[in-house]
Amino acid sequence: MTGQGVVWLGSPSFPEAAREALKDSQLRANLKRATGTIRDKRLAVASELDDWEALREAGAAIKKRTARHLDRYLVQLEESVTAAGGTVHWAADAGEANRIVAELVRATGEREVVKIKSMATQEIGLNEHLAEQGITAYETDLAELIVQLGDDRPSHILVPAIHKNRTEIRDLFTAEMGHWGQPAPDGLGDDPAELAEAARRHLRSKFLTAKVAVSGANFACADSGTVVIVESEGNGRMCLTLPETLITVMGIEKVVPTWSDLEVFLQLLPRSSTGERMNPYTSTWTGTTDGDGPSAFHLILLDNGRTDTLADEVGRQALACIRCSACLNVCPVFERTGGHAYGSVYPGPIGAVLTPQLVGVENAASLPFASTLCGACYDACPVKIDIPEVLAHLRAKVVESKGRTPEALAMKAAATVLDSPRLLGAAQKAASVGGRALARNGRIGRMPGPLAGWSDSRDTPAPPAESFRTWWRKNRETE
Amino acid sequence: MSSRETVLARIRAALADVPSEETPADVPVPRAYRRSHTEPGQDTVALFAERVADYRATVTRTHPAELPEAIATALTHRQARRLALPDGFPSDLLPAGDWEWHPEPLGTEALDALDGTVTLAAVGIAVTGTIVLDTGPGQGRRALTLVPDYHLCVIHAGQIADDVPDALARLDPTRPLTFISGPSATSDIELNRVEGVHGPRTLDVIIVETT
Ligand code: SF4
């Protein structure tokens with residue numbers, strides 16, 4: 001799938017990958033702790049704002065406005081960025097985006113770039129492409145560095161190396177850092193502060209000498225041409241300000257109409273993502289500024305399946321995603337399987353709806369079934385993406401495209417994922433939640449979700465009077 | 001067809017369901033959210049101080065006449081002696097004593113060799129405990145508050161906005177902006193918070209009360 005980059009790795013399919021992941025009890029323990037911690041923090045800071053629902057409404061509406069007039073906002077963004085001294089490029093697919101970046105880097109005469117964590121560049125497989133062109137890309141986010149040194153893949157949007165514990169990270173640093181630059185200090189311990197210090201030293205010389213940086217973008221304002229990066233460590237600031245050339249690869253859905261619209265997203269994103277009132281650093285820049293930061297700025301607007309997603313009236317809402325990862329942290333399936341099982345750079349509930357749309361449902365047919373349709377993701381989503389609705393819609397599409405019933409797939413997914421006896425009592429009720437979503441779609445009469453398939457073949461206790469969603473939430477609170 | 005035309009044509013085709021006469025204004029954005037999450041009459045300077053301190057930054061409050069002394073106290077406490085001095089930093093605020101002030105222009109290597117920097121700020125945000133720098137007088141290029149390991153930031157009470165909407169309205173997006181909420185931090189290793197990965201490990205904030 002070179003043309004498509006690595007948004008979808010193809011195989012194994014979700015049920016198989018999930019079954020493997022479930023055998024890894026260390027992974028499950030790590031994940032449970034991590035998702036639980038972030039979930040609690042998120043709830044605490046979101047509940048500080050008594051107008052949280054109104055902010056979500058506004059966020060969803062701004063995204064809807066943008067999507068319905070996307071051509072206009074992209075053209076406006078192009079004008080604003082160009083007027084501010086930047087250069088805008090358009091890339092129809094992963095291959096084209098990769099070519100543009102490689103050409104821009106080559107034009108500087110450099111062979112190395114520093115990178116800010118970016119889902120878009122992971123999606124197009126940029127690092128791999130640059131390597132083929134003899135250009136080394138250095139990931140500078142600590143978690144991405146861990147993933148890169150381990151020749152591994154990210155498993156979570158927010159904390160990509162959450163599947164690795166401190167001892168594994170220490171061993172990795174000791175074994176690999178020397179191959180990429182400054183080696184780890186002798187006798188490196190596994191204390192997180194010590195490990196972070198090793199990363200700091202390892203990357204410092206890169207930051208101070210790098211001439212070219214590559215980033216993604218969290219937002220870009222059409223009216224002012226301002227691009228926004230939200231981060232914690234300061235590696236983003238390093239990449240955005242010290243090099244001479246900055247290349248930003250941005251999915252076309254990241255544009256927002258105005259600078260003042262950020263007032264909504266800068267409240268929603270940090271609270272939903274890391275559970276902080278504000279993340280440590282947010283950088284904004286508009287074109288280039290004399291005497292401060294890069295003298296050349298290139299913005300690459302990436303389609304790569306987004307317009308196909310936009311064409312689906314139900315599925316297009318997935319483009320509103322601001323990559324906060326809240327849906328991952330509340331998802332009972334993700335908590336048990338981890339991100340790798342989704343076989344995509346976009347894991348968890350959002351991955352289950354975005355990946356099949358970006359690559360075509362026939363190419364990722366098991367992903368829409370990687371969910372219990374419990375609805376926790378919808379409740380958590382700061383921009384109100386109705387993920388269960390899109391999942392149900394995509395399931396119908398899978399059926400159409402494959403011409404075979406999804407029961408087998410559903411059974412596998414359910415048996416693999418829902419192995420906790422405590423979940424079983426709620427199964428039938430949950431299936432009816434799924435059934436409701438499906439009925440709304442109206443294209444198929446009855447299509448049992450994984451839970452219904454599961455319950456049909458087993459002796460289940462009587463369903464509880466509450467919905468699975470309610471039950472799940474209560475169950476969470478008492479854990 | 002250029003990729004630009006290709007992508008734009010795909011978008012227009014994908015939006016066939018959107019009536020051609022529809023304008024962005026026809027898609028309503030309900031703005032029922034609060035402009036500020038402070039309460040009427042709340043002491044927003046105190047709130048700002050509390051929220052900044054929540055990120056494990058050290059916050060002190062002082063008055064204009066005592067400001068140079070407060071700066072000296074902070075620098076002494078941090079043993080920061082060799083300091084980058086941003087363009088436009090008021091010289092009458094610099095405390096007397098054994099400090100090395102390194103004015104711009106400074107190369108990256110030179111910055112890396114210094115102990116820290118002292119700057120002013122553009123805007124503060126009380127509810128989130130955020131400081132915004134816009135590279136204006138006394139704030140320096142973005143690198144100044146990034147490369148050295150210590151940042152001492154002086155902000156005047158009048159610069160503190162209640163909340164995010166108010167702050168964004170005060171800022172000029174055409175300037176490069178840096179929003180700072182505490183020192184550099186990561187939680188990437190087993191979710192343990194570690195301060196100072198790449199940005200300054202230590203952030204001190206001095207709030208100057210209006211008298
Ligand atoms: S779908 Fe919603 S909750 Fe999930 S990552 Fe995107 S914005 Fe966050």
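Every chain is numbered from 1, with letters handed out A, B, ... down the list of sequences. Computed from heavy atoms alone, side chains included, the values below leave out hydrogens, waters and symmetry copies.
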Participant: Does any heavy atom of chain A fall under 4.5 Å from the side chain of B:Pro105, the backbone, both, or neither of them?
Facilitator: neither

Participant: Counting heavy-atom pairs under 4.5 Å to chain A, which of B:Leu15, B:Thr186, B:Leu8 comes out on top?
Facilitator: B:Leu15

Participant: Would you mind checking which part of A:Glu313 comes under 4.5 Å of any heavy atom in chain B, side chain (CB onward), backbone (N, CA, C, O), both or neither?
Facilitator: side chain

Participant: With a 4.5 angstrom heavy-atom cut-off, could you sort out which part of B:Val194 is near chain A: side chain, backbone, both or neither?
Facilitator: side chain

Participant: If I measure from the heavy atoms of chain B, does A:Ser224 come under 4.5 Å with its side chain, its backbone, both, or neither?
Facilitator: side chain

Participant: Can you tell which part of A:Glu197 gets under 4.5 Å to a heavy atom of chain B, answering side chain, backbone, both or neither?
Facilitator: side chain

Participant: If you count the non-hydrogen atoms of other residues, nucleotides and ligands that lie under 6.0 Å from CZ in B:Arg4, is the total more than 12?
Facilitator: yes

Participant: To the nearest 0.5 Å, how far apart are CG in A:Asp303 and CZ in B:Arg10?
Facilitator: 4.5 Å

Participant: So how far is it from A:Asp191 CG to B:Ile189 CD1, rounded to the nearest 0.5 Å?
Facilitator: 8.5 Å

Participant: Is it the side chain or the backbone of B:Leu203 that comes within 4.5 Å of chain A heavy atoms, both, or neither?
Facilitator: neither

Participant: A side-chain contact here means heavy atoms from C-beta on lying under 4.5 Å apart; do B:Val164 and A:Met278 qualify?
Facilitator: yes

Participant: Of all of B:Glu190, B:Arg35, B:Glu109, which one pairs up most often with chain A through heavy atoms under 4.5 Å apart?
Facilitator: B:Glu190

Participant: Using a cut-off of under 4.5 Å for heavy-atom pairs, which of B:Thr108, B:Asn192, B:Leu168 has the most such pairs with chain A?
Facilitator: B:Leu168

Participant: Is it the side chain or the backbone of A:Ala58 that comes within 4.5 Å of chain B heavy atoms, both, or neither?
Facilitator: both

Participant: Measure distances from B:Ser187 to the heavy atoms of chain A and classify the residue's part below 4.5 Å as side chain, backbone, both or neither.
Facilitator: backbone

Participant: Among A:Glu263, A:Glu57, A:Arg56, find the one that has a side-chain hydrogen bond (donor to acceptor under 3.5 Å, both in side chains) with B:Tyr33.
Facilitator: A:Glu263

Participant: Could you look at B:Arg193 and say if it's the side chain, the backbone, both or neither that has a heavy atom under 4.5 Å from chain A?
Facilitator: side chain

Participant: Checking heavy atoms, do the side chain of A:Ile62, its backbone, both or neither come under 4.5 Å from chain B?
Facilitator: both

Participant: Please identify each residue that fulfils salt bridge (charged side-chain N to carboxylate O under 4.0 Å, His left out) with A:Glu48, with sequence neighbours left out.
Facilitator: A:Arg271, A:Arg277

Participant: Are any non-hydrogen side-chain atoms of A:Trp259 and B:Leu171 less than 4.5 angstrom apart?
Facilitator: yes

Participant: Between B:Glu195, B:Arg175, B:Arg201, B:Arg12, which shows the greatest number of heavy-atom pairs under 4.5 Å with chain A?
Facilitator: B:Arg201

Participant: Less than 4.5 Å apart, any side-chain heavy atom of B:Val147 and any of A:Arg204?
Facilitator: yes

Participant: Under a 4.5 Å cutoff for heavy-atom pairs, which residue among A:Val230, A:Ile162, A:Thr309, A:Asn279 has the most contacts with chain B?
Facilitator: A:Asn279

Participant: Find the distance between CG (A:Leu70) and CD1 (B:Ile11) and round it off to the nearest 0.5 Å.
Facilitator: 4.0 Å

Participant: Measuring heavy-atom distances to chain B, does A:Arg72 have an atom under 4.5 Å in its side chain, in its backbone, in both, or in neither?
Facilitator: side chain

Participant: Which bit of A:Ile229 is near chain B, if near means a heavy-atom gap under 4.5 Å: side chain, backbone, both or neither?
Facilitator: neither

Participant: For B:Pro183 and A:Pro280, work out which heavy atoms get closest and say how close.
Facilitator: O-CB, 3.8 Å

Participant: More than 12 heavy atoms of other residues, nucleotides or ligands under 6.0 Å from CG of A:Asp290: yes or no?
Facilitator: no

Participant: Using non-hydrogen atoms and a 4.5 Å limit, figure out which bit of A:Asp190 sits close to chain B: side chain, backbone, both or neither.
Facilitator: neither

Participant: Select, from B:Ala143, B:Pro24, B:Ser184, B:Gly140, the one with the greatest count of heavy-atom pairs under 4.5 Å involving chain A.
Facilitator: B:Pro24

Participant: Charged N to carboxylate O below 4.0 Å: is that the case for A:Asp261 and B:Arg31?
Facilitator: yes

Participant: Tell me every residue that passes side-chain hydrogen bond (donor to acceptor under 3.5 Å, both in side chains) with A:Asp50, counting only those two or more places apart in sequence or in another chain.
Facilitator: B:Arg34

Participant: Residue by residue, scan residues 80-90 of chain B and write down, ordered by number, those that have a heavy-atom distance under 4.5 Å to chain A; if none do, write 'none'.
Facilitator: none

Participant: With chain B, which of A:Leu203, A:Asn235, A:Val159 has the greatest number of heavy-atom pairs at distances under 4.5 Å?
Facilitator: A:Asn235

Participant: With only heavy atoms counted, which part of B:Asp163 is less than 4.5 Å from chain A, the side chain, the backbone, both or neither?
Facilitator: side chain

Participant: Heavy-atom distance under 4.5 Å to chain A: side chain of B:Val127, backbone, both or neither?
Facilitator: both

Participant: Relative to chain B, which segment of A:Leu310 carries a heavy atom at a distance below 4.5 Å: side chain, backbone, both, or neither?
Facilitator: both

Participant: Checking B:Arg141 against A:Thr241: is there a side-chain donor and acceptor pair closer than 3.5 Å?
Facilitator: no

Participant: Residues in salt bridge (charged side-chain N to carboxylate O under 4.0 Å, His left out) with A:Asp312, at least two apart?
Facilitator: A:Lys397

Participant: Which atoms of A:Glu53 are under 4.5 Å from chain B, going by heavy atoms: the side chain, the backbone, both sets, or neither?
Facilitator: neither

Participant: Which atoms of B:Thr130 are under 4.5 Å from chain A, going by heavy atoms: the side chain, the backbone, both sets, or neither?
Facilitator: side chain

Participant: Rounded to the nearest 0.5 Å, what's the gap from CG on B:Asp188 to CG on A:Leu195? Could you check?
Facilitator: 11.5 Å

Participant: Tell me yes or no: between the side chains of A:Glu276 and B:Ser181, is some donor less than 3.5 Å from an acceptor?
Facilitator: no

Participant: Can you say whether A:Ser232 sits under 4.5 Å from chain B via the side chain, the backbone, both, or neither, judging by heavy atoms?
Facilitator: both

Participant: Identify whether the distance between the nearest side-chain nitrogen and carboxylate oxygen of A:Arg200 and B:Asp149 falls below 4.0 Å.
Facilitator: yes

Participant: Which bit of A:Ile169 is near chain B, if near means a heavy-atom gap under 4.5 Å: side chain, backbone, both or neither?
Facilitator: side chain

Participant: So that I can tick it off, tell me whether A:Arg68 and B:Asp26 are bridged by a salt bridge, with the cut-off set at under 4.0 angstrom between side-chain N and carboxylate O.
Facilitator: no

Participant: Tell me, side chain or backbone of B:Thr135 under 4.5 Å from chain A's heavy atoms, or both, or neither?
Facilitator: side chain

Participant: Name the region of A:Leu49, side chain, backbone, both or neither, that has any atom closer than 4.5 Å to a heavy atom of chain B.
Facilitator: both

Participant: Against chain A, label B:Glu22 side chain, backbone, both or neither, depending on which of its atoms sit under 4.5 Å from a heavy atom there.
Facilitator: both

Participant: Tell me, for A:Ala60 versus chain B, whether the close heavy atoms (under 4.5 Å) come from the side chain, the backbone, both or neither.
Facilitator: neither

Participant: Taking B:Pro173 as the fixed residue, which of A:Val228, A:Thr258, A:Thr226, A:Thr284 is the one that meets the side chain to side chain contact (heavy atoms under 4.5 Å, CB included) rule?
Facilitator: A:Thr226

Participant: For A:Lys206, is the NZ atom crowded, meaning more than 12 foreign heavy atoms sit under 6.0 Å from it?
Facilitator: yes

Participant: Go through B:His37 and A:Asp51 one step at a time and tell me if the side-chain contact (heavy atoms from CB on, under 4.5 Å) criterion holds.
Facilitator: CA-CA 9 Å; B:His37 294 90; A:Asp51 58 344; 2.5 Å; yes

Participant: Among B:Val132, B:Thr174, B:Ile180, single out the residue with the greatest number of heavy-atom pairs under 4.5 Å to chain A.
Facilitator: B:Ile180

Participant: Considering only heavy atoms and a distance below 4.5 Å, find which of A:Arg33, A:Glu78, A:His89, A:Lys64 pairs most often with chain B.
Facilitator: A:Glu78

